[in-house]
Number of protein chains: 2
Amino acid sequence: MRPKNKTRELIARTALTLFVEKGIDGATIRDIATAAGIAEGALYRHYPGKDALAWELFISNYTAFALELHRIQAGQATLRAKLDAMVRQFCAFFDQDPVLFSYLLLAQHGQLQKVTPEMPNPVEVVREVLAAGMDRGEIPAGDPNVAAAMVLGIVLQVAIFKIYQRLTQSLTSLAEVLVEACWRVLAGSALITS
Amino acid sequence: MRPKNKTRELIARTALTLFVEKGIDGATIRDIATAAGIAEGALYRHYPGKDALAWELFISNYTAFALELHRIQAGQATLRAKLDAMVRQFCAFFDQDPVLFSYLLLAQHGQLQKVTPEMPNPVEVVREVLAAGMDRGEIPAGDPNVAAAMVLGIVLQVAIFKIYQRLTQSLTSLAEVLVEACWRVLAGSALITS
DNA sequence: TAAGTGAGTGACTGTTCACTCACAATATAG
DNA sequence: CTATATTGTGAGTGAACAGTCACTCACTTA
């Protein structure tokens, strides 16, 4: 018989891998239990259910992150300043915890709504900020959903670069690069120049 | 009673929206039928099943596209030349059919394997090309899955820009921009410079 | 008017899922 | 060593799913 905490960690690691690989809906409890080498019932000794497992893996660690994004959104700053603050927030958390990448990926794929309908979703927070900026004429009007997907996409893209270990700059300069990239695209100029 | 073709088109349009929104697994037949304002059974008068519906929406139109990617992959050219040819292929199809974007999104999320286990998948084709390039020392070694996600990500990113109507250049120059972006990142230099 | 057609219906099927529970195996305390 | 508590097991359960089928009915044809 394994110690309680060891099994719990085993489940968490296995579930994280499978959730990222197959999505939260795609990975079944049986998949996770089999991959971890335990019976289904054993999983329920450690987690009350699948949603709670996903919640602990993806959400609980990011409550502070999501609330900070929400705080920035609710402020009186210009869109440019908000974007700057938000992207720096993303970068600070990427540095602390690589799992944030998986969290944002699943958020972008709309997989977190069921798990946390009440929490501020990063995708929605960014969309709100951009929609407000459009209303105030700070950026050209357009579909806020598409604009939000674009901004999150750039952030995630650079996170992938980081995983690929091709970017060696400090995260401070990375944040500046991201802000500049988001802003240039939103302001109407091309992002990538050859 | 609606004419047969009208209903079929109605189902196709509704299903496409829901598949992109919720994923192929996430959108149920009942969802689609309800959203289209018909009964479940009526759907099966027009399509033999859910997989066949997804196949027609996402795959059948892209057989030529996927086979062309596969042909480029199997050739003897350098990685640089293959990347160039592939990205131009993506751009040519983005121009022809905006649904390609949804198709690639679902491919990236691993939702097409069940529908077409036998077809060459764009994500896998790109991964194979990059893995071969790593083996031959044309680019730095790394996880081919991450590298493929990165390249596809850049392509999709520019497709989003296009949707957002911030890029007005012709697709020919867009292709050049994409090739350059993919190549610079893979070769080890930063993509975005401020 | 009468007979034929086929799109549309919704209760039904078997399957898969998350989750439960009676029980077994093992650890720990007295 | 025995008694109790804790952890692990996997068959069982109901809900939700994709897919089926006997039937309806608006419409066409004779």
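Below, chain A is the first sequence line, B the second, and so on; all start at residue 1.
Rounded to whole Å, the distance from CZ on B/Arg8 to P on C/dA7 is 12 Å. Between the CZ atom of A/Arg30 and the P atom of D/dT9 there is a distance of 14 Å, rounded to whole Å. Per the geometry, CD1 belonging to A/Ile32 stands 15 Å off C1' belonging to C/dT16, to the nearest Å. Rounded to an integer number of Å, the gap from CD1 of B/Ile29 to P of C/dT9 is 15 Å. The OH atom of B/Tyr44 sits 16 Å away from the P atom of C/dG10 (whole-angstrom rounding). Taking atom NZ of residue A/Lys50 and atom P of nucleotide C/dC17, one finds them 9 Å apart after rounding to whole Å. As rounded to whole Å, 13 Å separates atom C1' of D/dG19 from atom CZ of B/Arg45. At whole-Å resolution of the value, CG in A/Leu53 and P in C/dA18 are 11 Å apart.
With sequence neighbours left out, B/Lys22 forms a salt bridge (charged side-chain N to carboxylate O under 4.0 Å, His left out) with B/Asp31.
Although no hydrogens or angles enter the test, the distance criterion places no donor-acceptor pair under 3.5 Å between the side chain of A/Lys82 and the main chain of A/Gln76. Remark: the backbone N or O of A/Leu79 is paired with a side-chain donor or acceptor of A/Glu138 at under 3.5 angstrom.
Nearest to the side chain of A/Ala39, among D/dG10, C/dT20, C/dG8, sits D/dG10. Ranking D/dG8, D/dA22, C/dA18 by closeness to the A/Glu40 side chain, first place goes to C/dA18. Side-chain atoms of B/Thr28 lie closest to D/dC17 of the nucleotides D/dC17, D/dC23, D/dG19.
Between A/Thr7 and D/dG8 there is a side-chain polar atom (N or O) within less than 4.0 angstrom of OP1 or OP2.
Across all strands shown, A/Ala27 has heavy atoms under 4.0 Å from sugar-phosphate atoms exclusively, and none from any base.
Taking the six-membered ring where tryptophan is involved, the planes of A/Phe65 and A/Tyr103 are perpendicular, since the angle between them exceeds 60° and thus also 30°.
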